[in-house]
Chemist: 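Below you will find the structure I want to go over with you.
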There are 2 protein chains.
Amino acid sequence: MFDYAQDMGKETREAILDAAEALFAEHGFRGTSLRAITQAAGVNLAAVNYHFGSKQALVEAVFARRIEPMNRERLARLQRWEAAGCGDLEGLIDAFAGPPLELAGEPRGARFVRLLGRSYTEPDERLQAAIRGMYEPVIERFKQAFARVLPHLPAPELYWRLHFLVGLLAYLMSGADLMRLIASCRLCDPLDVEALKSRLQRFVAAGLRAPVPREQGAVPAVRRGG
Amino acid sequence: MFDYAQDMGKETREAILDAAEALFAEHGFRGTSLRAITQAAGVNLAAVNYHFGSKQALVEAVFARRIEPMNRERLARLQRWEAAGCGDLEGLIDAFAGPPLELAGEPRGARFVRLLGRSYTEPDERLQAAIRGMYEPVIERFKQAFARVLPHLPAPELYWRLHFLVGLLAYLMSGADLMRLIASCRLCDPLDVEALKSRLQRFVAAGLRAPVPREQGAVPAVRRGG
DNA sequence: GTCTATAACTAGATAGAC
DNA sequence: GTCTATCTAGTTATAGAC
């Protein structure tokens, strides 16, 4: 026998998550009231606190629902990359940046990716910690992989460059449209995922491969032998 | 004779701007109430509406106060770069990225730079338009300069790459601390402005200089000879 | 120009009937 | 599980005394 009550509960839950995701992406967390969410979802105001406990918990549930599958796809590509011999820097960049950028190309995913990109600059410390927790194991695996294709880079230099990669990706995910400052959409459509991916790959690969100067800090400490 | 009333008014105005800047940077626009601002500034709640008219107008005044001098410094460096012969890509990157990053190194400036970086992903369309207006003439000058040092790049490729530069800079300004995902502060201190500047310069210069493949689209048209 | 007091509204959360 | 009604607290903005 079906438990209709449970089914209804699940539908309500999902409807709230969908509406919250869309409204958060458009107006931000503080700009979205529970009243707006429940109205858009076609459910009762009290349902949010019944199903999630609080607005904060709802926010975290919105992220948890989508980050896990995205990161699974990243790790799957990373494994294929390792199986193929660990030599291809462009392929590794794609394993990391491809899943979120491709998700951004889908109508449903675009909302979430924008929300995720924006969340990195959100002042909510608790949310940041929750999201960092979902990323840590993935980042750790990719750090090791990048270190393997770029073995000549000293650790700090590698970490700075990975920081630039992660930061640039975060910016692109946020959907912040600074491209409007630079070019018309005719010349460069920031929503053209394939164009974006190939250009990003080229740009970032070149940055990661940039030669390292002898002196690493402001003051060179010791001249290297070879 | 001094107009004491006017002097007091100016002090109140500045106190409000200072407090608003600090609180906006820390808690975001919506997370900061006029009550919090006026309390921090040591002025009366009603003073905000007297001096600025509304919260929205206060937000825009906070930006206008600091963006203009920052962009003037950028243009001054651009002129020195042009006077020096227009050949040095690293110097041009510094003219563009140096002023905001150096401002971020000062205690007072850091707050504002974080706020500015975050503002790009803020959902407030009116604010975005206001800020874009302050940037447009500067971006236009720099576009021309970059086109001059990178004359072999087709326009769309140049614009994509400049978009990456601007986006990465926006991320760095936001102070979003994704570096915490990658490395301990011991190895790479994201607040070390000089280290950041030199690393960014190297990374971005390499990305901008990356060779352009023959085939620009998804399908290669012609096999490359070398 | 600055203050107090308050209007007018919106928020998140909950109690209790169904 | 879902609803209505309501509580408490916080918001921007303003009117009017000083």
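Below, chain A is the first sequence line, B the second, and so on; all start at residue 1.
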Chemist: Which pairs pass side-chain hydrogen bond (donor to acceptor under 3.5 Å, both in side chains) with one or both residues in residues 158-169 of chain B, sequence neighbours excluded?
Modeler: A:Tyr171-B:His163, B:Glu157-B:Arg161
Chemist: Does A:Ala110 have any side chain to side chain contact (heavy atoms under 4.5 Å, CB included) partners at least two apart in sequence or in another chain, and if so, which?
Modeler: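 Per chain and number, A:Ala110 pairs via side chain to side chain contact (heavy atoms under 4.5 Å, CB included) with no residue.
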Chemist: Could you give the CG-to-P distance, from B:Asn44 to D:dA15, as a whole number of Å?
Modeler: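 Value for this atom pair: 16 Å.
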Chemist: Which is more 5' along DNA chain C, the nucleotide nearest A:Thr32 or the one nearest B:Val43? Just name the residue.
Modeler: B:Val43
Chemist: Which residues pass the side chain to side chain contact (heavy atoms under 4.5 Å, CB included) test with B:Glu106, not counting sequence neighbours?
Modeler: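 So B:Glu106 forms a side chain to side chain contact (heavy atoms under 4.5 Å, CB included) with B:Leu103.
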Chemist: I need the CZ-C1' distance between B:Arg30 and C:dT10, as an integer number of Å.
Modeler: 11 Å
Chemist: Side chain of B:Thr12, heavy atoms from C-beta onward: which of D:dT2, D:dT4, C:dT2 has the nearest atom to it?
Modeler: C:dT2
Chemist: Nearest-Å distance, CZ (A:Phe52) to C1' (C:dG12)?
Modeler: 16 Å
Chemist: For B:Gln39, I'd like to know if atom CD has over 12 heavy atoms of other residues, nucleotides or ligands within 6.0 Å.
Modeler: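 Incorrect, the count does not exceed 12.
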Chemist: Taking CD from B:Glu11 and P from C:dG1, how many angstroms apart are they, rounded to a whole number?
Modeler: 12 Å
Chemist: Please output the side-chain donor-acceptor pairs of residues 68-75 of chain A that fall under 3.5 Å, not counting sequence neighbours, one pair per line with the distance.
Modeler:
unit_1	atom_1	unit_2	atom_2	d
A:Asn71	OD1	A:Arg74	NH1	3.0
A:Asn71	ND2	A:Met134	O	3.4
A:Glu73	OE2	A:Arg77	NE	2.8
A:Glu73	OE2	A:Arg77	NH2	3.4
A:Arg74	NE	A:Phe96	O	2.7
A:Arg74	NH2	A:Phe96	O	3.1

Chemist: In this structure, how many angstroms lie between the P atom of D:dT4 and the CD atom of A:Gln39, rounded?
Modeler: 13 Å
Chemist: Please enumerate all residues that pass side chain to side chain contact (heavy atoms under 4.5 Å, CB included) together with A:Thr38, with sequence neighbours excluded.
Modeler: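 By the side chain to side chain contact (heavy atoms under 4.5 Å, CB included) rule, A:Thr38 matches A:Val43, A:Leu45, A:Val48.
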Chemist: Would you please test B:Glu21 and B:Arg108 for salt bridge (Lys or Arg N to Asp or Glu O under 4.0 Å) and show each step?
Modeler: CA-CA 10 Å; B:Glu21 184 177 84; B:Arg108 304 206 84 204; 5.9 Å; no
Chemist: Within this structure, what is the NE2-to-P distance between B:His27 and D:dT11, rounded to whole angstrom?
Modeler: 12 Å
Chemist: Return the polar atom pairs (N/O with N/O) between nucleotides 13-18 of chain C and the protein under 3.5 Å, or none.
Modeler:
unit_1	atom_1	unit_2	atom_2	d
C:dA13	OP2	A:Lys55	N	3.1

Chemist: Reading DNA chain C 5' to 3', how would its secondary structure be written in dot-bracket notation, given Watson-Crick and G-U pairs with both distances under 3.5 Å, brackets [ ] for crossing pairs and | for partners on other strands?
Modeler: ||||||||||.|||||||
Chemist: Can you check whether B:Ser33 has a side-chain N or O nearer than 4.0 Å to OP1 or OP2 of D:dG10?
Modeler: no
Chemist: Tell me every residue that passes side chain to side chain contact (heavy atoms under 4.5 Å, CB included) with B:Arg30, counting only those two or more places apart in sequence or in another chain.
Modeler: A:Arg30
Chemist: Hey, can you pull the donor-acceptor pairs under 3.5 Å for the side chains in residues 178-189 of chain A, sequence neighbours left out?
Modeler:
unit_1	atom_1	unit_2	atom_2	d
A:Arg180	NE	A:Asp177	OD2	3.3
A:Ser184	OG	A:Arg186	N	3.4
A:Asp189	OD1	A:Leu191	N	2.8

